[in-house]
Amino acid sequence: MKEAMFFIFALTACVGAFAVLISQSVVRMAVWLIVSLGSVSGLFFLLHADFVAATQLLIYVGGTLVVLIFGVMLTASGPYLKINTSPGEGFLAGGVALLLLAMIVSTVYNVDWNRVNDRLASETGGPPVLAGYNEPEVGNTARPLGLSFLGFRFDGASSTGYLLPFEIVSVHLLVVLIAAAYLARAKRRVDRSERQ
Amino acid sequence: MATIFAVSTLEEYFRQSPYISPGWAFFLAAFIHAFLLINFFAVAPLVFIWLERKVSGRIQDRLGPTRVGGRFGWLQTLADGIKLIQKEDLVPGEADKVLFRLSPLMVCVAAFSALLVLPFADGWAAQILDVGAFLIFALLSLEVVGVILAGYSSGSKWALFGSIREAAQMVSYEIPLAICALIPIVAVGSLNLNEIAQMQSGAVWNWMIFHDPFTFIAFFVFFTVATAGCKRAPFDLAEAESELVGGFHTEYSGLRWSFFFMAEYSSMFVVSGIAVILFLGGWHIGIDFGLLAALRGWAPALPNFVPESFVLGNYIANVIGAAVFIAKGSLLVFVQIWVRWTLPRLRIDQVMTTCLKYLIPISCFLFLGAIFWPLLLGAATGNTHWGRPMGERIPLTTTAQPTQTVPFATDNGQAVNLETSPESRVAATSEGGVR
């Protein structure tokens with residue numbers, strides 16, 4: 001059953017991604033992107049990574065794509081509404097995509113997964129990891145994730161968790177927010193002074 | 001629905017049967033959950049639309065529907081539905097036909113899938129996840145995608161203006177909604193909706209709304225924002241009839257038009273349900289007389305075909321709890337209807353000002369206040385809480401093991417398991433898989 005669900009989600013993710021490529025209307029591309037990203041979130045749910053899946057839904061499907069469609073709706077007119085690619089662009093993009101695929105495949109095959117799994121199992125005290133197929137762990141990832149962001153880790157690794165990256169990202173986001181608010185305000189001030 | 005049988009999930013119950021393979025058990029359990037929820041999704045709007053007509057009639061000194069069907073005109077919505085099914089399914093010539101047909105379904109799917117993580121009683125949810133509260137807001141926020149696409153693909157100015165307004169409104173109102181929802185979540189220390197509701201068992205002052213002054217105000221801010229998020233009056237600029245004909249659904253007719261309203265009324269109930277769970281005690285009555293707790297342990301002898309682990313008392317207590325939950329949620333829906341027919345509509349700039357200049361700062365202030373409240377109370381009284389202890393609930397287990405619920409400790413130091421048997425509680429919280 002899990003395999004069947006995996007194939008359904010993986011297939012819709014791939015079909016969505018491919019349809020983004022071949023469709024020419026920008027808004028339809030966005031809709032296919034919803035299909036693709038939504039299925040990826042379904043794949044995360046299948047892996048019991050429920051926090052990542054919910055974040056995927058909230059940020060990519062609910063947030064980024066809404067902004068994307070919104071931007072397309074407001075700006076798209078004439079030449080930007082439909083994207084016609086020339087064969088040369090197709091070849092170039094295809095070459096880049098093939099290179100990326102080759103890099104990913106070579107990386108996947110070069111990593112000695114068994115050693116990584118063994119090390120993880122010995123560090124976390126978890127069950128021994130078999131080569132090949134493993135039963136996914138039961139979900140409930142939100143609390144360990146949140147704690148490790150605050151500097152607590154219970155998997156035996158004696159580190160401060162991810163407190164520093166978490167703080168850097170949050171300060172970065174705050175800077176972006178303030179900058180966005182500043183940019184949005186500045187235009188109005190210029191207008192007023194010009195009018196006077 | 002998960003702990004109807006104390007075998008923790010319906011799926012596990014089916015797995016016990018020798019005739020059902022594990023794949024079919026999964027499928028059957030999923031089917032039953034989806035069937036119950038889609039019926040709720042269809043029937044709740046039916047009742048709420050009738051209620052809307054009656055309440056608006058009374059508020060405007062009319063009687064509301066009386067002629068159609070029996071007493072109080074209760075068949076009115078059904079008559080509406082039959083009328084809508086008969087109508088022609090019209091697609092305008094200017095429209096992007098595929099997207100035009102697709103977008104009402106997207107709105108419906110978003111509103112329906114939010115019901116999947118909403119618990120109706122202890123353990124009665126299709127999915128009890130550790131990120132339930134997070135996921136339900138993520139799913140509710142997907143509704144706006146369908147609305148924008150509906151407005152865009154209609155090929156009509158009114159619809160486009162309506163959907164742009166709607167997008168601006170929903171995206172900006174999500175910020176105070178999330179911050180206000182965080183206030184009780186921080187106080188409880190869990191994102192699991194089932195646990196949040198269970199923390200509020202017992203007397204009324206255990207409800208999160210009475211936890212501290214900040215949660216008290218946060219409830220009203222949350223409810224205001226949630227009303228705006230459902231695009232209900234006085235925040236219904238997206239479908240302002242006097243300005244935009246019908247807003248984003250101007251070009252829709254028949255059943256596709258009614259899909260938008262099914263989604264709207266259902267998400268009205270969902271946000272009311274979230275408000276009930278986060279602030280108003282979930283499925284708890286609020287009177288601590290111990291009868292329900294005793295009922296949960298009551299297990300009379302049952303006929304042979306019922307599995308031994310089925311506890312009748314627990315089941316009855318959950319039925320009562322679900323009724324209480326639906327009643328509380330419907331009460332909040334009634335308040336939304338009441339507000340719609342008594343307050344004038346805001347202008348679009350007023351809507352945005354209300355959110356960005358008032359509601360976001362207020363909710364940020366409340367959030368900070370709610371965080372500092374335990375410190376303040378601790379400095380003043382030496383006690384970080386009134387009544388039931390909050391925030392002592394982080395289980396110190398490793399990530400390698402599934403998390404288990406730490407029994408709650410009451411003020412007199414006695415460990416209790418909040419009206420459920422320990423087996424079913426642990427099973428309900430530690431099992432994050434597909435139910």
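- Checked against side chain to side chain donor-acceptor pair (under 3.5 Å), A:Asn110 has no partners two or more places apart in sequence or in another chain.
- When heavy atoms are compared at a cutoff of 4.5 Å, B:Leu149 approaches chain A solely by way of its side chain, counted from C-beta outward.
- Contact tally against chain A (heavy-atom pairs below 4.5 Å) for B:Val144, B:Leu191, B:Val98: the top residue is B:Val98.
- Heavy atoms closer than 4.5 Å to chain A are found in the side chain of B:Leu102, but not in its backbone.
- Atom NZ of B:Lys157 has 12 or fewer heavy atoms from other residues, nucleotides or ligands within 6.0 Å.
- The candidate with the highest count of non-hydrogen atom pairs below 4.5 Å against chain A, out of B:Ile136, B:Leu139, B:Leu142, is B:Leu142.
- Atom CG of B:Leu135 sits about 8.0 Å away from atom OG of A:Ser41, to the nearest 0.5 Å.
- The most heavy-atom pairs under 4.5 Å with chain B, out of A:Ile34, A:Val31, A:Leu58, A:Leu57, come from A:Leu58.
- Proximity to chain A (any heavy atom under 4.5 Å) is restricted, for B:Met106, to the side chain, taken from C-beta onward.
- Atom OG1 of A:Thr55 and atom CZ of B:Phe134 lie 4.0 Å apart (nearest 0.5 Å).
- Residue pairs meeting the side chain to side chain donor-acceptor pair (under 3.5 Å) criterion with at least one partner in residues 87-99 of chain A, sequence neighbours excluded, are A:Ser86-A:Glu89.
- A:Ala54 and B:Ala138 get closest at one heavy-atom pair: O-CB, 3.8 Å.
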